[in-house]
Every structure is written in structure tokens, then in C-alpha cells.
Amino acid sequence: MLKLFALTQNEIVKLWLKKRFYVIILILLIIIPIFTYAEHKLAQTNAEHFPDWRNRILQQIADIENTLASDRIPEEWKRGRRIAVQQLQYYLDHDINPSEPSGVQFTREFLGNSVTLFIPMLVLAIGSDIVSGERTGGTIKMLLTRPVKRWKVLLSKLLALALYVSLTIAATVILCYLISGFVFGYGGWSAPVLAGFKIEGSSVDSASVYAVPQWRFLLMQAGLSWYSAMTVAALGLMTSVLLRSTAASMVSMMAAVIAGSILSSMSSAWTTAKYLFSVNLNLSGYLVGTPPPIEGMTLPFSACVLAVWGAAAIGVAFRVFTKGDILN
Amino acid sequence: MNEPVLAVRQLCKHIKGRSIVDHVSFEIGEGEIVGFLGPNGAGKTTTIRMLVDLIKPTSGKVVICGHHVAKEPEKALRYVGCIVENPEMYSFMSGWQNLEHFAQMLDHADEARIREVTEIVQLEDRIHDKVKTYSLGMRQRLGIAQALLGRPKLLILDEPTNGLDPKGIKELRSFIRQLASDGLSLLISSHLLSEVQMLCDRVIIIDQGKVIASGKIDELIKQAAGHVHWVLGSRDAGVKLLSSDNRIKVLAGTESADDACGPIVTAMREELIPETVRRLVEHGIPVHAVHRAETTLEEMFLAMTERDTIA
């Protein structure tokens, strides 16, 4: 037990000294101001055209309904838009501005948008060489000839990875709030957000909709993002064990993640795709009631799919790592 | 004799149907320095990796201080310090951080021990610099420091003199002797045979996965056919007579008139010399000089392994 703690400490120190986390902070420090600026510009234009946010929502609804009248729009797309109209209407009826610009609101949007691609990328930047790097560096021979069981070595790596994934999510939230708050103000914690839209076919069941203060919503969203990110981390650990080269493990994982996000945006008729892990990463989408990429997907379903993928990846990683010969 | 520090019994490894290591057995006692020799691809590295649980044997076993390596590696490896191939450490960390890292993986290696091994390998001045700024020799020494951290009973060094300058090699040699006199057993693999001859009490020679010779170096050399140089009055008649004996192999002296005055070099056992001299004299060939050339480990090694590669 004590040994496992010491081993995890080792892995944390190594990841820290590799300066991976600095890189992640640096990326966030570059990306977030860019999006803040874009959001600021958008808010400015909106404010010019629609001094009252209600008018903007009405205009949005009218725009969507126009496209719904067109025959050229595929039926699948129309379904999503019908849902959006009903949600906007609901916000309007309850006199809640769905996008009152504030630091918290921006953070919420940024997190929601980054969970399918950006955060997995950061996670892989930390974790994809966690085992393969030891192989290419040759240090695995030192590591595995010490009087420690191999599963403990890998578990310590997994724990260190979990810590850094958590730190990455936390850093994203904190930096987002601090940077965007500078422009939009640091308020918005208690602004209400509607959650719990139930989508059935192309209609929204608003019976179970409830308003939560934005801070709680953000917390729920961060938790779900952490869950997705941990699944990606587990898969990254597996590819890092299976593939000798760090580049190969990084590229294959990124390919899987990108393929998933393309598949979800295709709103595909291929329903078995819903069992792929990367289609299920956007867990917080269920909270705000965005229609799922493939019909029949729900929050518990996606959480289960991710759990199965994550557990299988960890199983394979441990199996191969503890049994495999170190030949190079 | 006590229980051997390292006992290897009938060790085999097959990779993809090919036999890499084939029934290798040997033992190392306390305080012994044993050389592990073999040409490239002989199965040396595979064997060493099986000793330290990097590769699981197909059959056979490795026992270190009474613990079965494949079954309870965390107990057996407590007694082993090793450098497998290059001394690869984390280059983005300082030497000290590397030692701290590996000390964490052991039970009784505290800061005082880290300082101690740093002094043993004389790396005090640079220990806080990043490993990527180290020379190969310094990395080698850091590797040895790491291997010594846990006060092992067996030290396995793979090509330890690689990348060391002559001064470094000399220092390493006296250092290894010092360690052995303190009761540490060493298994040293090297391709520098003169190095092994100077350092080791005993050698194990493997080729194509099999142990082809093992024992004390001087005994092995005595058994091997030595080179005997003959300077005879009648060269051609001498060569003819010498080659008529199938226990004697004429290696040089037959070819040309260029070195007509040079000696005839033969490979033969030294017990045959008196008898051969008598026969030469009986045939009226004057013997001017007979010289027994000292066989080096290198010559013996080449003779042993070359035969096998041709076959």
C-alpha cells in the first residue's frame, strides 16, 4: 500500500518534470482568449441588433422555422431543429435568457464544446507516452527490474494519469472563468439553466424540466467531462501499452476520437455506431437537451458504453503489461 | 559451499517457434565474478533478461538467493542490481532525481544511501545536473549507482565498459574488484574478451543459445589446443611430417616462400610436443626452436564460436 503511494508519487513527479502540464496550461492560455474574443464580438453584434434578448430568441425561432419549411433539408436535421425550437420557446415562456453572457456562462459553453475533441486531445498529450515513452527511452528495463510487481507499476501510472486528467479539467474551468470573466464579468453563478429535457422522437417532453443555478450546472458538466476524459485516458493507456511508438498511440487515439465526432455530426442512420466510445463522449449534451447523435442514446446508455470501453481498455492494458516480454 | 546467489537451471526460451536459449544452466557463488560471453545473437541478452524477469522463460527456472524469479519476482529482484544493455535513465531528470525515483521503489534506500552510492561512483559534482548533459561514462556510473541502491547480492552488468575511456575502464575494473571483495557476486557480459580475462574468475561461453564452455579461464585455456610455433631446418619436410599427424593442425607456414624463414604455426595440445620433437629428429629434421604461444581467451573464444557458425 505504502509502496503504491511511493510509486504513484514517482509517476506524478515524472509527468511534472516532463513539463506536459505546462504545455497544457499554455495551450489553454492561448485558446481561451481567442474564443473569449469571438464570443465577445458575437455578443456585441447581438446587442446592437437586439437590445432585448427576447427579440433575438424570437428571431432565432423564426429562422429555424423557415428552414423547417424547406423540402431540401433532410428529415433527420429537421428533427434536431424542431427540438431546438421547442426548447427556445420554453426558455422564452419562462423568461430565462439561455445565453446571458457571463464568465460562468462562457465556461459552461466552452466545456460543453471541448469535451468531444479538445479535452481528449489534452488528455492524450499527457498520457499517450506514459508507457510507450518508457519503452522508447529504455527506462522500462530499469523500472521493471525493481522488486515491485508489474501491476503496481501500471496502476501507479493510471493513478497519476487520473490526477492529471482531473487537474486538466479543473484548469480548463478555472482559466476559462478567469479569462472570460475579465470581459464578461465574473458573475452569473446563480443564473438559472434549464436541464432535464426529455427528447422523444422530434418532440420535447418538458414535464421533467427543472431550473438549476448555473454553478451547479457547471459542476455537473465538469463531472461528466471528467468521466469522458477518464475513458479517453484509459484507452490512451491501453494504446500506450500496446503500441511501442508514442506517435502511433497518439495518432490512433486521435483518429478514433475524430472519427467519433464526425460520425456524431452525420446524425447517422447507422445505429450500431452508438456503441463506439467516441460517439458517446458528449455526456453534458444530455443535460441541456441537445438531441443525441444517434436515436436511442441516453445519458445512462452513454455512461455505460464509456464505462465498458474504459474497463475493457484497463483490463487489456494490465493483461498485456504484466504478461508481456520486454524485448527491445 | 553455501547456497548459490544465482542458480540457472535448464533455462529455455522459444520466440515464434525459434529456440533462442536452449537448456542453459549455471551457478554463481558469493563474491564470484563471472564473465558471460558469446557472439552477437548467441542469446546472451535474452538470458540476462530472463534473469531479471523482463522475459518469461519458456521452461526452466532462475533462482536468486532462494527465490524463484518468475514466481516471486518482487522477492528475488530485491537481491539484484542490474544494467541491461545501455544505462538508460530519465534524461529530463537530474541524476539525483533518478536515484530518488528508483530508491522509492525499494524498501530500505533512504537519502543517506543515495548520497553513499553517489560517492561510490564519484558523481557528487554533477549529481544535480540533468542526465541529458551527462557523458556516456557518467551515465554508466549513474546506472551502477542505481543498481547498488538496494545493497544487492548480485550485480548484473551488460557491457559495462561500453563508452568508457581507458581511465574509466581501469577505474571500473578496480571498482568491480572492490565490490566483489565485499562479497558481491557479479555477472558481467562483455564482448571485450581481454577485459573479461582481466576481471573474471570464471567465464561462461554461450553460442546459439547453448553453453559451450564454462569454467576457470586458465583451465579452459589449458584444455584448448594451444598454438605451437616450430622453426625447423627443413621447412617442407617438416610441414609434411607435422601434417601427417592428425592430432596436429598446421595453420601457417605452408603457403609461400615469402615467410620461408618464419615459423610453422600449428594448433596442438602441448602434451604432444616431446613426442613430435622425437619424430622430427628420427626423420632427420633439425629442430631449431619450439615455442609454445600463450593462448588468449580471445583465440579460444574465436576457435569455439567460429566452428559453430560454419557448421
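Model, not experiment: these values are computed from the prediction.
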Item to check | Which portion of Leu7(A) sits near chain B, non-hydrogen atoms under 4.5 angstrom | outcome: side chain

Item to check | Interatomic spacing from CG in Leu144(A) to CD1 in Ile55(B) - rounded to 0.5 Å | outcome: 12.0 Å

Next on the checklist: Applying ring-ring contact (aromatic ring centres under 6.0 Å, His included), can you list everything that pairs with Trp226(A), at least two apart in sequence or on another chain?
Outcome noted: none

Next on the checklist: How about CG on Asn40(B), more than 12 heavy atoms from neighbouring residues, nucleotides or ligands closer than 6.0 Å, or not?
Outcome noted: no

Next on the checklist: Only heavy atoms, only distances under 4.5 angstrom. Which residues in residues 86-97 of chain B are near chain A?
Outcome noted: Asn86(B), Pro87(B), Glu88(B), Met89(B), Tyr90(B), Phe92(B), Met93(B), Gln97(B)

Checklist entry - Do you know which of Lys149(A), Glu134(A), Lys14(A), Lys18(A) has the most heavy-atom pairs with chain B at a distance under 4.5 angstrom? => result Lys14(A)

Next on the checklist: Any non-hydrogen side-chain atom of Arg146(A) less than 4.5 Å from a side-chain atom of Leu106(B)?
Outcome noted: yes

Item to check | side-chain contact (heavy atoms from CB on, under 4.5 Å) evaluation trace for His101(B) with Val13(A) | outcome: CA-CA 9 Å; His101(B) 173 275; Val13(A) 168; over 6 Å; no

Next on the checklist: Could you tell me if the side chain of Val52(B) sits less than 4.5 Å from the side chain of Lys141(A), heavy atoms only?
Outcome noted: no

Checklist entry - Is Lys56(B) atom NZ crowded by more than 12 heavy atoms from other residues, nucleotides or ligands, each under 6.0 Å away? => result yes

Checklist entry - Heavy atoms under 4.5 Å from chain B: which residues of residues 107-131 of chain A carry them? => result none

Checklist entry - Take atom CZ in Phe35(A); do more than 12 heavy atoms of anything else shown fall under 6.0 Å from it? => result no

Item to check | Side chain / backbone / both / neither for Arg49(B) at chain A, heavy atoms under 4.5 Å | outcome: side chain

Checklist entry - What part of Ile15(B) is in contact with chain A, defined as an atom under 4.5 angstrom from a non-hydrogen atom: side chain, backbone, both or neither? => result side chain

Next on the checklist: Is the shortest side-chain heavy-atom distance between Met105(B) and Leu143(A) below 4.5 Å?
Outcome noted: yes

Item to check | Any residue meeting salt bridge (Lys or Arg N to Asp or Glu O under 4.0 Å) with Arg9(B), in chain and number order, not counting sequence neighbours | outcome: Glu27(B)

